[in-house]
Amino acid sequence: MIGICLQARMGSTRFRGKMLSKLGERPVIKWVLARASLAKADIKALLTSNLEEDDVLCEIASSMDWQVIRGSQEDVLERYAKAVDLFGLHYVVRITGDCPLIDPKVIDVAIEQSLKLKPDYLRVDKIVDGFDVEVINSEWILKAHKEAILPSQREHVTPYIFSSKRAKKEFIALHEEDLSYIHLSVDYPEDIEHIEKVLDELKSEDFTYFDVVKLIKSKPEMFKIDGFVPNLGYKKSLERDKEYIKSMKAKPLELKNTLSHFSRALELIPMASQTFSKSYLQLSLGASPLFAKEAKGCTIKDIDGNEFIDYTMGLGACVLGYAFEPILESIKKQLEKGSIYTLSASLELELAELICNVVPSAKMVRFGKNGSDVTSAAVRLARAITKRDMVACCGYHGWQDWYIASTTRNAGIPDAIKDLTVSFNYNDIDSLAMLFDRHKNKIACVILEPVGVEEPRDGFLEKVIELSHENGALVVFDEVVTGFRFALGGAQELFNLEPDISCFGKAMANGLPISAIVGKREYMRYFDEVFFSFTFGGETLSIASAIATIEYMKQNDVIKTLWTQGQKLKTAIQNLIFEKELEDLVYVLGFPVRFILDFKSNEALKLKTLFQQECAKRGILFTGSHNMSFSHSDEIIDKTIRVYSEVFDIIKYAYKYNILDEMLEGEILKPVFRKP
């Protein structure tokens with residue numbers, strides 16, 4: 001079913017009432033209706049506004065056997081969607097009322113080519129202005145009606161469709177020469193006089209487009225018109241777009257207490273935070289929360305009383321959820337018995353046995369408090385075993401000298417230490433082989449995160465183990481992030497691998513400070529000589545929490561839930577990115593249990609800042625990371641997707657219209673590590 005939809009109204013800004021202006025003996029609207037009626041289409045409909053002044057157009061159209069669709073003056077797109085639904089159209093031929101010379105044969109050619117080429121959008125190109133014809137697949141009319149939000153997309157039918165990368169577009173030309181600069185539509189009163197002269201030259205109402213082209217060739221002086229400004233209405237719509245985009249921002253958060261607290265904290269605490277990734281470097285000062293008051297499940301409340309859904313979850317530590325009741329009970333019971341003793345706690349053995357039971361490579365265990373504790377212990381252990389000094393690393397491994405010396409945050413570290421750590425690239429086994437060739441018999445260990453956000457390819461991890469052992473180096477898996485998340489036994493369980501030494505932390509105790517270094521017995525026994533000892537290494541509250549967490553995870557199939565819920569969220573976000581055609585600006589990377597949402601382009605940090613700002617206003621604390629927890633329910637995920645959908649629109653159009661700076665209400669985020 002093919003329908004010609006004639007878009008017309010009386011209220012033109014430049015030439016009010018032009019549809020009834022006489023062209024010869026008939027008003028302009030009758031010329032258009034009469035000539036378009038001769039085209040081969042199933043339905044012919046006038047689309048106009050609900051305004052009383054347009055009643056006369058409806059009467060004329062009805063008298064000439066045209067259907068009539070009426071709607072909002074501002075929402076022209078809605079009228080087209082109504083026509084599609086009412087008449088069951090497959091293709092819509094769009095023409096406008098200011099084209100009295102429209103040629104039905106040109107319309108027929110456009111229809112024929114659309115049926116042949118099957119585009120989503122087809123336009124007759126290079127044609128004289130006033131003979132314009134567009135043909136649109138009705139599915140895209142409905143899609144645009146559903147998704148278009150800007151004034152320019154509602155007041156004008158094709159901008160959303162035309163700008164889409166997904167829509168298949170065809171441009172057909174009736175001749176080689178571009179004649180679109182010639183103006184034969186009715187936009188100003190003087191256009192009537194000019195078109196009448198053209199009609200006088202044609203000497204017949206039964207003319208074709210090519211008769212007009214012949215006239216242009218023979219008398220070009222008739223068609224030199226100065227001062228014509230095409231698409232003036234559309235340009236005004238684009239200006240309204242900018243104001244609309246700004247109005248899409250939600251009401252700013254109440255951050256009075258946050259800003260006051262920040263000023264006070266900055267006087268006493270460098271950076272006003274204990275952790276780089278929790279500081280104003282990663283949370284927009286003036287637009288996002290900075291200080292937490294309390295948290296429960298997967299929601300966190302700041303000191304101004306604002307509440308947010310959280311996916312960072314204490315940097316990945318709270319795998320079950322904040323203040324998770326079954327774990328709290330174990331901690332409370334242990335608290336009554338004491339948290340630190342002069343003697344080693346008997347609970348240490350219970351946790352060690354539990355870890356050795358679930359982690360494939362664990363034959364012996366030592367505890368630390370942070371991930372940095374155990375990764376540094378692993379490096380020291382490897383150096384003691386191999387009698388070598390150098391370390392090859394890949395990924396992030398904490399704040400200690402041996403690792404952070406290899407980053408741009410290496411202030412205060414002697415050059416001699418910096419030279420002992422060399423880096424290789426994930427999924428690039430040749431980059432590791434090159435290090436072994438360059439530093440023969442000097443590398444004590446290869447330490448890497450078995451999975452960051454990139455999936456291992458082509459047996460990369462197996463090759464790392466094989467290559468390292470061939471060169472006399474130990475292999476250390478830093479599973480501080482992946483442990484008790486990708487599987488109970490970490491990524492090594494997921495990928496069926498056994499490194500020499502492994503490091504765990506974060507999710508192990510659902511938020512309490514504990515870490516573990518585990519490994520093969522022949523290597524772990526070196527801790528009899530390698531000094532790794534501190535007062536709180538056997539602190540019992542964290543050990544009790546770790547025991548309760550691991551047992552709860554085993555008994556309640558928590559890992560499966562993390563993967564299931566994470567896949568729901570990740571897939572939904574990917575679908576949003578696709579639907580909104582944001583692939584050039586936004587991407588998702590990682591496994592369902594832990595993935596990131598980040599931004600591209602040279603404005604990436606501004607995009608991320610704006611996304612964080614608007615998510616926060618809508619109750620989502622966004623940092624980029626999505627560490628799934630057992631508390632992230634379907635309801636929470638559904639709300640997250642609704643918010644992300646709204647905010648994706650904001651960043652899409654703020655970027656397109658180059659108004660990111662105007663949209664930001666706080667400081668632009670800064671990277672923790674700078675590019676070298």
**Q** Would you say Ser431's side chain and Asp428's backbone share a donor-acceptor pair under 3.5 angstrom?
**A** yes

**Q** For the residue pair Asn427 and Glu454, confirm or rule out a side-chain donor-acceptor distance under 3.5 Å.
**A**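 There is such a pair (donor and acceptor under 3.5 Å, judged by atom type) between the side chains of Asn427 and Glu454.
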
**Q** Can Asp661 and Lys606 be counted as an ion pair, charged N to O under 4.0 angstrom?
**A** yes

**Q** Report yes or no: is the cationic atom of Arg35 (NZ for Lys, CZ for Arg) closer than 6.0 Å to the six-membered ring centre of Phe207, at no more than 45° off its axis?
**A** yes

**Q** Would you tell me whether Asp98 and Ser185 have side-chain atoms, one donor and one acceptor, within less than 3.5 Å of each other?
**A** no

**Q** Below 4.0 angstrom, N of the basic side chain to O of the carboxylate: do Glu646 and Arg618 qualify?
**A** yes

**Q** Would you find more than 12 non-hydrogen atoms of other residues, nucleotides or ligands less than 6.0 Å from Lys246 atom NZ?
**A** yes

**Q** Write out all pairs satisfying ring-ring contact (aromatic ring centres under 6.0 Å, His included) with one or both partners inside residues 103-127, taking only residues at least two apart or from two chains.
**A**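 Of all non-adjacent pairs touching residues 103-127, those that pass ring-ring contact (aromatic ring centres under 6.0 Å, His included) are Tyr121-Phe162.
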
**Q** Under 3.5 Å, is there a donor on one side chain and an acceptor on the other for Ser601 and Glu603?
**A**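 Result is no, nothing qualifies.
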
**Q** Any carboxylate oxygen within less than 4.0 angstrom of a Lys/Arg side-chain nitrogen, looking at Arg240 and Glu243?
**A** no

**Q** Does a donor on one side chain sit under 3.5 Å from an acceptor on the other, for Tyr311 and Asn627?
**A**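 Note: Tyr311 and Asn627 side chains miss the donor-acceptor criterion.
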
**Q** Decide, yes or no, whether a salt bridge links Arg154 with Glu78 under the criterion of side-chain N to carboxylate O below 4.0 Å.
**A** no

**Q** Report the residues that fulfil ring-ring contact (aromatic ring centres under 6.0 Å, His included) with Phe611, sequence neighbours left out, ordered by chain and then residue number.
**A**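 ring-ring contact (aromatic ring centres under 6.0 Å, His included) check on Phe611 returns Phe599, Phe622, Tyr644, Phe648.
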
**Q** Hey, are Asp191 and His183 close enough side-chain-wise for a donor-acceptor pair under 3.5 Å?
**A**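 Judged by distance alone, the side chains do pair up.
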
**Q** Could Lys143 and Glu147 be called an ion pair, given the rule that one side-chain N must be under 4.0 Å from one carboxylate O?
**A**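 Salt bridge between Lys143 and Glu147, a charged N being under 4.0 Å from a carboxylate O: yes.
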
**Q** Is there a donor-acceptor contact under 3.5 Å from the side chain of His175 to the main chain of Ala173?
**A** no

**Q** Tell me if a side-chain donor or acceptor on Asp103 pairs with a main-chain N or O of Tyr209 at a distance below 3.5 Å.
**A** yes

**Q** Distance-only, no hydrogens or angles: does the Lys82 side chain make a donor-acceptor pair with backbone N or O of Arg70 under 3.5 Å?
**A** yes

**Q** Between Glu177 and Lys126, is there a side-chain N and carboxylate O pair less than 4.0 Å apart?
**A** no

**Q** Is Glu239 salt-bridged to Lys236, going by a charged N under 4.0 Å from an acidic O?
**A** no

**Q** Taking Lys165's backbone N and O only, do any of them form a donor-acceptor pair with Glu581's side chain (distance below 3.5 Å, no angle check)?
**A** yes

**Q** Decide whether Ser284 and Glu667 meet the rule of one side-chain donor and one side-chain acceptor closer than 3.5 Å.
**A** no

